[in-house]
Structure formats: structure tokens, C-alpha cells
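Sharing a structure, written as C-alpha cells. Questions coming.
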Amino acid sequence: MKYSIQLNAKGKLQHLLTIEGLSRSHLLEILDRANEFLSFGKKIELKNKPILKGKSIFNIFFENSTRTSTTFEIAAKRLSADVLKLNMQNSSVSKGESLLDTIDNLIAMQADMFVIRHPSSGAAHLIANHVNLAAPEIKILNAGDGSHSHPTQALLDMYTIRYFKKNFRNLRVAIIGDIAHSRVARSDIWALSALGVPDIRLIAPETLLPPEVEKMGVTLFSDLEEGVQGADVVIVLRLQKERISSPVLPSAHEYSKFYCLTEERLKNCKAGVIVLHPGPMNRGVEISSGVADSINSVILQQVTFGIAVRMAVMDILNEESEKYG
Amino acid sequence: MKYSIQLNAKGKLQHLLTIEGLSRSHLLEILDRANEFLSFGKKIELKNKPILKGKSIFNIFFENSTRTSTTFEIAAKRLSADVLKLNMQNSSVSKGESLLDTIDNLIAMQADMFVIRHPSSGAAHLIANHVNLAAPEIKILNAGDGSHSHPTQALLDMYTIRYFKKNFRNLRVAIIGDIAHSRVARSDIWALSALGVPDIRLIAPETLLPPEVEKMGVTLFSDLEEGVQGADVVIVLRLQKERISSPVLPSAHEYSKFYCLTEERLKNCKAGVIVLHPGPMNRGVEISSGVADSINSVILQQVTFGIAVRMAVMDILNEESEKYG
Amino acid sequence: MKYSIQLNAKGKLQHLLTIEGLSRSHLLEILDRANEFLSFGKKIELKNKPILKGKSIFNIFFENSTRTSTTFEIAAKRLSADVLKLNMQNSSVSKGESLLDTIDNLIAMQADMFVIRHPSSGAAHLIANHVNLAAPEIKILNAGDGSHSHPTQALLDMYTIRYFKKNFRNLRVAIIGDIAHSRVARSDIWALSALGVPDIRLIAPETLLPPEVEKMGVTLFSDLEEGVQGADVVIVLRLQKERISSPVLPSAHEYSKFYCLTEERLKNCKAGVIVLHPGPMNRGVEISSGVADSINSVILQQVTFGIAVRMAVMDILNEESEKYG
């Protein structure tokens, strides 16, 4: 999968498809821009800015996701864009139309930006490639494609880590869960690496680790206590229901016995550790209620930051389009 | 179930959860405010007022209801609010997330108001309690919770009654139908009592009357002709399909034989009686077409008034939030 | 079915229900108006005009159609209208409410325009008749009713033909496919006739031709090569899945063997022929990929023009309503 198509000739973001291939400065530009959409008082608040007034954004979801779709919609509306929600599960796709024919039709409706969620890995790239030829003025924002990439989730995770830990230089970050099938894990690893986190640890049963993952410069652990030892940041992944009772995982109960992040296990981390989770949580499966509701949990801040990060990405893509378009 | 959480320290509405516990003056304030959103010419027209410009309202529906969801959306848009529709039946809830985790996530997205419809009695209170601790600036508007409460429906019924009957002092009001399972009936009884209606009558087969209902200061009738005798107002409830062929009700045909409001039976009421129905109607089951389309029927006016009443509630809740927030 | 109810006393459009009964000048007025919503540079672009600011449009879909619903929503938003989407498949209709009761409720919510898609032929007329009595200020726009009419599709087809062929006077237009069940075909034939196209040809297996179609002044062909001979314009219809393996059509394969428009068969047309399709396409069934992606295909331009045409219709209906309303 090529990722350079997300950069234009000057090396600036023209789409956001994946974290892979983005430099430290690309990532920091987005995190810094997100700051502009937040007020940091007693409570952290989102700000409105009419940057996308008159622009039209299509939220094209081939896969259901209330949470992601909603946060993108809020982000776009806070920037004064017009948002069109397209639930593609009940659409022409089900009438047998090909993906690119569907996209061509949406291009002909003349939006400024497509936010795309698709169950197949690589769908966002396929669409961006096509758009680059057919309608280069349209910006593509990948809201999750199969088990491949979920770049805005990684960006909001990075924003959250930087907010609480100030910088990335000396961090030990542990990711626990179904790494093999997680676009969040993959995107987080790329982002943490690009931002210079020296110690990235993956904690999972062997059946849930992807092949050749060690090439990504991470350390693998099958023992949770050992893996989280001294961690500054723990990212807990959601256990997808569809994995349970599959050959890779006998039962949720079995999983939680070894891989649920409990208060007891959290004590192995560094004092002041922060716990992230992309939501929705399975309390008692991958995370205990004690941890989810503890002072270490920054799971709800992630949601607020996520809107600001999505506003930042939309703002940056729009800027490039105005400059070079 | 506590209802005082819907009032702030000064006794003003901070949420609208239920009619229970609201005083006559609370109710009249809302009805009076609704007047401001209506023009009374040859035709009654809704007015637009940009009172909620820049405010964001989440329409959170855990239960399907095109009609209620639509009227709330229209009300919010006529006040210039941004409205986000969240159909929670296809959402994280189905992924096993707890209700309060879902709500916490929505809070983190920083709306100004939640309009909530939920199939469980007490859900709106549970959420308001939680919001009062976690984000007291967010206002909760109950759009129907289980068989408990549907306050805006009662308010629009009261508005309609006052519009046609001028005041509540000498009225005989009959409610016909499945009182036991109806949040509309319950809410109407509370509202009629608070507004001083002296004669409230419930007409239903015994299997559809709730236990201990007589404590509410109403008179019970199992005979329709007798119950509607001399009534100024008749509120006909919808017979929910799910009751039919259940142990409490042998068949729709059986029900309509005794409890369908027909033109013949309507003659027992006072001249000039008005007939209300929350919709959607089962013509020929609980109400005959003759009555539904008669000059006595004010069922469509209820819909128009309902939008004005919802605008009024949003306006009042927003005002309180601006004053004390 | 009466169509004159779509014209007011001065012969002006007050609803758009069907092409049948519209004069050449009605059609040309719409096509000319659509020009105002397009910029014709290197690329054809849609323009925004705040003509419907403060107006409220209900998109009432009793039948699923992402594409049509989306283009109407875009059209309305580009005119600054408020759009309310009503997916009536999950609504009171399923609770047993009658169509006219549903419409009465929507009327009571006081919209300015209803865009209606319904699976039953004649539904738009039924609703317009009712609205003319109950709320004559509301404009009805038929977005497809059963196998009867789809007027905006025909209008966008006419716009496309005029754009590429300049006028209608000397054209040979061939329509290929399931004429019998197609509201698109029916609407196109009326429009082409009204606009003076001298040679309209229908190409279909006999089982997919409607009875008495020859009265419409068209020529019938069961042989595709013969039918498209010398055609300036070919309109390919979508083969609806529900026809396949029915008594009228043994299989998609059998159909495509004789009626798929291939590059080879396209050679029988006049040089410079344009190919239209209402979408979504079944590539390899009614149209080959070679033709769909050829320089002769104007299928995506149809989509862009379709939004402009819908803006034009909304603008004209609104104008009449302001003038005579």
C-alpha cells in the first residue's frame, strides 16, 4: 500500500489516509493546530471557528460507527461546514454498484471533503488514488479502513499523551489487546515511533499478535504484569466481540483472566501512568471498572481532544486545498 | 424516583424529566412561553427565533420515534440550534457499552442540551443525576422514558386544552385506553392535577388500569359511555400493538367493541368537546374515522402546538443555564 | 391519474408530480433556470444561492434511495434551506398509520416543501390532492412514485441531452431496458415528446414492454443493433434485481447476451452518440464497462446536472408560492 499519495508535491498533507509515512513534523503540526480549537480553563472546552463556511463535507460510512461519525460531524459543524451523512450500508452498494462507481457519483455531487469509514483495509487509499485522478480538489480523510489504519484515533491518542506527559522523548508506552486485528494499534505504533517514543511494548496472547510485528521496533510481551512494568502510558484495546469464541480466543472470561487491566495490575506501572482506550469499553473484559473510573483514566478527555484533532486535520487539508487548489 | 433533580436551588427548571413535582406556575410558564413561538392568524403558524444560535443539541434516541424526534429537531432548528441526531439503536449500546459510559462519551463531546428517548422507565432521571455531577451545564429533556413519563406530550396536551377551553378550572377530562402502560396518560394526569382540573376520569378495561391509580385523585370507569358523560375534553390513547393478543387483551376487535371512541359515543360528551390523541392513530381501533376527522378533533393542532411547546422548554432551560451557568 | 393539479390557475407549476401534461415551455423554463445554478468553466461547477433561506424542506422517503435523497438534500442546502430527513420506512407508517394521517401530521409541522419518494404509483398525486385542500401553501416534489413517474430524473436527462446536443429537434433517442417497470423510461418518453424529439425508440424484450406503449408515439424494437442504428442519444435503464429470475426474465446472463450495451453495439449509433444511465449501473449486465467509461458516457455529468435541475425546480416552486401564496 502506497502512502505517499497523501502528500502533495511540496510534501504537505493533501489527504489523511494513514499515519505510516508521516513525519514527526506532520504529526506535530496537527497536534499544535488542535490546540487552537480548545480552551484550557478549569474545564477543557471546544471552540467554534467558521473556517469551513460554505464548504461541504460528506461523511461516507460503509461501516456503522455512531461514535466516529458523530465526532467528525461535530468537528465539521464547529467549523461551520455543511455536513452530509451518507450511510452506505443501505445504499447503492447493496444494489451491486462498484465502490468506484459510488465514489464517482459522490464526486459528481461536488463536495470539498470525504470522510470515509470502510470495512476493507486499503479502501481509503483506493479512493484517494481514484480521487487524485478524477477530482484532485477533493480531500480524503480516512475514518478507519478494515484492520489497516485509523489515523485520527492515533492522532488523538498522541494529543492526549502529549497533553498529560508534555513530550514523547522518554516514554514507555504499552498497548494491550488484540493487536493483530486493530487499526488503532497499528496507527498508534506508527505515530509513537514517528514521535520518537523510545520504548513501545505490545502485550497480547500470541494468537492476537500480527506476524512480523517485531520489525516495527517494538517489544512483545505475553505477560501483562511484565509488559506494563514502569509504563508511563497504557493503551487498552477493545476486545472485538467477533474474536470471542473464534479459534484465536476461547472466551472473554479466559481473556480477561490474563489481559484485563485491573487496579492490581496497574500498580506495576509508573506512578502517574495514564490509561487510554478508544471506546466503547467492555468493562470487566479488557479493563476493570476500577481502572476505567480511576484518576489515571483519560478516556473521556480523549473524546474531547478527538474533536479538536479532527477539526485540526480538516483545517489543514482545507488550507492546502486553498493554497494549491 | 426523585424528581427534584429537575429543579435548581432557586426552584427553576434545569432539566425537564417529568411533570410529577412541577407546580402550576412551572407549567403555566411553559405554556405562556409557547405563545411567543406561535402566530394566531386565520391559521396558526410557527415562528422562528434565533435564541439558540451557536448552541448544540443532541437528539439521543434509544428507541425509534420519527414523530417525536422530528418535532424536537424542528423545534431546535427554528431556534437556530445545531442539531445532532443520534440513533442509539445501532450504536455502541449494541456493542455492549453501559448507558452511563455512552452518556459520558456524549458529555465529552460538549453539547448544550440532550433530548433523550429511552425504552426504560427512569432512564432520563438516571442520566440527569449523572449529568448533574459530571457536567451540570448540560440540560436534559426527557422525550419519553419507558412507561414512566413523556412531559412534553403532556405539556402540549395542556396547551391544546387551554387554547380551546381557556382555563382548567371547571373541566371534566376523560382519558381512554391503556392507562397502565402509557407514559402519556401518567404525565397528563400529573399535569391536569397540577393545573387544578377538578374531574379527571380514566376509562379502561380493568386489565389496562395500573395498580393504586386511585391515589392520583382520579375516578375510574370501565364503561366508556358512562365515563365520557358530560366531558369537556377526551384524550384517546393509542392501543399499542404489543398489548394485543397478550394476556391483558384478547384482540383489537374485542377492544374496539367496548373502547373505540365513535361518533355515537361522543354524543355523551358535552357539546363542544375536544378530542385529543398523541398519534399515531389506529383508526377503527381506539378512535373511529368519524371522530378523528370531526370538528371536535384537535389532533393536528396538537402537533403544531407541540413544536411551540418544545421550543418553549428549550428556551427556558437555556435561559436558566445562561443565568446560573 | 390527473396531472393538472400540479398547475395553478395561471398554468404555472405549483407542484412537480409528473412530466405528463407539462408543456415544452414548462420544461424549458426549468432547464433554463438550472443554468443559473451551474458555472461552465473547464469543469462544470455547482453554485450556491441563498434563495430558500429560512424555508424548511422535508425529505420524506417511504422507499430507500441514498442517491436521490442525497442529491435533493444537496440541492436544498445549496439554496440555504433547512432540510429534515424523514426515513418513513421506520416510522409511524410501520405502526399502522394511514398515509394521509402521516401526511397530515407532517403538514401540521409546517414545512414549505415536501420531497416525496414512495413505492406506490400515484402516491405523489394522492398527497398533492390532499395538500391542495389542507395546506395549499406546501409544494410537493415527486422524487419517484412506484413505476409511475420520476420527473426530476427526466428533467436532468433532458438537461444533459440539451447540453451535449444543443436542441431536441432532429434527435433519434433510444431507450434500452425494462421499459414496463421503469418510472424513468415513462418520464423520459413524456419529456422527449413534449420537447419535440421526432424519433423515440424503445428497445426491450417483449416481456419488458408495457401494454399500449405504441400510443405514446414511439417505435418498438426487440433487436438492440437495429434499434440503436443512427441514434444520437442512448438511455440505458438499470435492470432491477427483482425482475431477474422472474417469469419475465430468465437470468441476468440471458438479458445481457441480447441487451447489454457493448462497445461493439455502440458502433451502430451515430458518431458522437451520448450514453445516459440513471444509476446505479450493473456493469456487464445492461452496460459494459467499456461503454460506461467511454468518452460517449455522460453518466457522471447527469449527477451534477441533476443537482442543478433540482435546485431549479425548488426555486421555481418557491417563486410561485411567494407570488400567489
Side-chain angles (χ1 to χ4, degrees), chain A residues 50 52-64 69 73 76-77 80-118 127 130-138 321-322 325, chain C residues 37-39 43-48 50 61 63-78 80-83 85 87 89-90 156 238-242 244 252 277-287 289 292-293 297-308 310:
Chain A
L52 297 183
K53 185 129 193 106
K55 303 280 173 168
S56 143
I57 295 185
F58 286 7
N59 245 357
I60 309 169
F61 275 59
F62 294 91
E63 189 181 64
N64 208 352
S69 152
E73 187 176 348
K77 284 184 170 171
S80 297
D82 276 333
V83 186
L84 216 89
K85 287 166 77 168
L86 291 153
N87 185 345
M88 303 307 282
Q89 294 173 294
N90 312 318
S91 79
S92 305
V93 177
S94 66
K95 293 188 186 170
E97 193 181 45
S98 80
L99 176 60
L100 291 184
D101 278 340
T102 299
I103 294 300
D104 274 332
N105 271 280
L106 296 173
I107 288 172
M109 297 176 196
Q110 304 195 340
D112 297 285
M113 218 173 275
F114 289 171
V115 175
I116 294 175
R117 154 82 51 126
H118 200 284
I127 292 168
H130 184 69
V131 160
N132 277 354
L133 294 171
E137 69 283 4
I138 298 179
S321 128
E322 308 250 295
Chain C
F37 300 109
L38 290 165
S39 298
K43 206 188 125 188
I44 294 161
E45 301 248 30
L46 292 160
K47 293 195 279 195
N48 287 340
F61 275 60
E63 188 181 66
N64 208 352
S65 171
T66 302
R67 180 176 319 229
T68 303
S69 152
T70 301
T71 49
F72 272 107
E73 187 177 349
I74 294 170
K77 284 185 170 170
R78 282 184 176 272
S80 297
D82 276 332
V83 185
K85 287 166 77 169
N87 185 345
Q89 294 173 295
N90 313 316
L156 75 89
R238 171 179 171 77
L239 187 68
Q240 304 291 341
K241 262 192 263 174
E242 55 271 32
I244 301 169
H277 189 293
M281 289 186 281
N282 297 302
R283 286 169 179 262
V285 179
E286 72 264 5
I287 189 167
S289 274
D293 301 330
S297 163
V298 296
I299 295 170
L300 295 173
Q301 287 91 330
Q302 286 177 275
V303 177
T304 307
F305 293 153
I307 297 175
R310 286 167 181 128

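Note on naming: letters A, B, ... go to the chains in the order of the sequence lines (proteins, then strands), and numbering restarts at 1 for each one.
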Name the member of C/N48, C/I307, C/V83, C/I74 that forms the most heavy-atom pairs with chain A at distances under 4.5 Å.
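Looking at each option in turn, the highest pair count goes to C/I74.
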Please say which of C/R67, C/R283, C/R238 ends up in a side chain to side chain donor-acceptor pair (under 3.5 Å) with A/E97.
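Filter result, single survivor: C/R67.
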To the nearest 0.5 Å, tell me how far C/N64 CG sits from A/N87 CG.
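Going from CG on C/N64 over to CG on A/N87, the span is 9.0 Å.
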Under 4.5 Å heavy-atom distance to chain A, tell me which part of C/E45 shows up: side chain, backbone, both or neither.
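Both backbone and side chain of C/E45 come within 4.5 Å of chain A.
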Could you work out, with ring-ring contact (aromatic ring centres under 6.0 Å, His included) as the rule, every residue matching C/F37, not counting sequence neighbours?
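For C/F37 there are no ring-ring contact (aromatic ring centres under 6.0 Å, His included) partners, ignoring immediate neighbours.
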Looking at OG of C/S69 and CG of A/L84, how far apart are the two atoms once the value is rounded to the nearest 0.5 Å?
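Answer for the OG-CG pair, C/S69 versus A/L84, is 8.0 Å.
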Quick one: CG on C/L300 to CG on A/D101, what's the gap to the nearest 0.5 Å?
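Going from the CG atom of C/L300 to the CG atom of A/D101 covers 7.5 Å.
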Excluding sequence neighbours, so at least two apart, what forms salt bridge (charged side-chain N to carboxylate O under 4.0 Å, His left out) with A/K53?
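Result, salt bridge (charged side-chain N to carboxylate O under 4.0 Å, His left out) vs A/K53: none returned.
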So what's closer than 4.5 Å to chain A heavy atoms on C/L46: side chain, backbone, both or neither?
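Both the backbone and the side chain of C/L46 come within 4.5 Å of chain A.
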List in chain and number order the residues that pass salt bridge (charged side-chain N to carboxylate O under 4.0 Å, His left out) with C/E286, two or more places apart in sequence or in another chain; answer none if no residue qualifies.
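Salt bridge (charged side-chain N to carboxylate O under 4.0 Å, His left out) list for C/E286, sorted by chain: empty.
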As an exercise, state the distance from NZ of C/K43 to CD of A/E137, rounded to the nearest 0.5 Å.
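It comes to 3.5 Å.
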Counting only non-hydrogen atoms closer than 4.5 Å, does C/I44 touch chain A with its backbone (N, CA, C, O), its side chain (CB onward), both, or neither?
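Backbone of C/I44 only, per the 4.5 Å heavy-atom cut-off to chain A.
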Residues in residues 103-110 of chain A near chain C [non-hydrogen atoms, under 4.5 Å]:
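Counting heavy atoms that sit under 4.5 Å from chain C, the residues of residues 103-110 of chain A involved are A/D104, A/N105, A/A108, A/M109, A/Q110.
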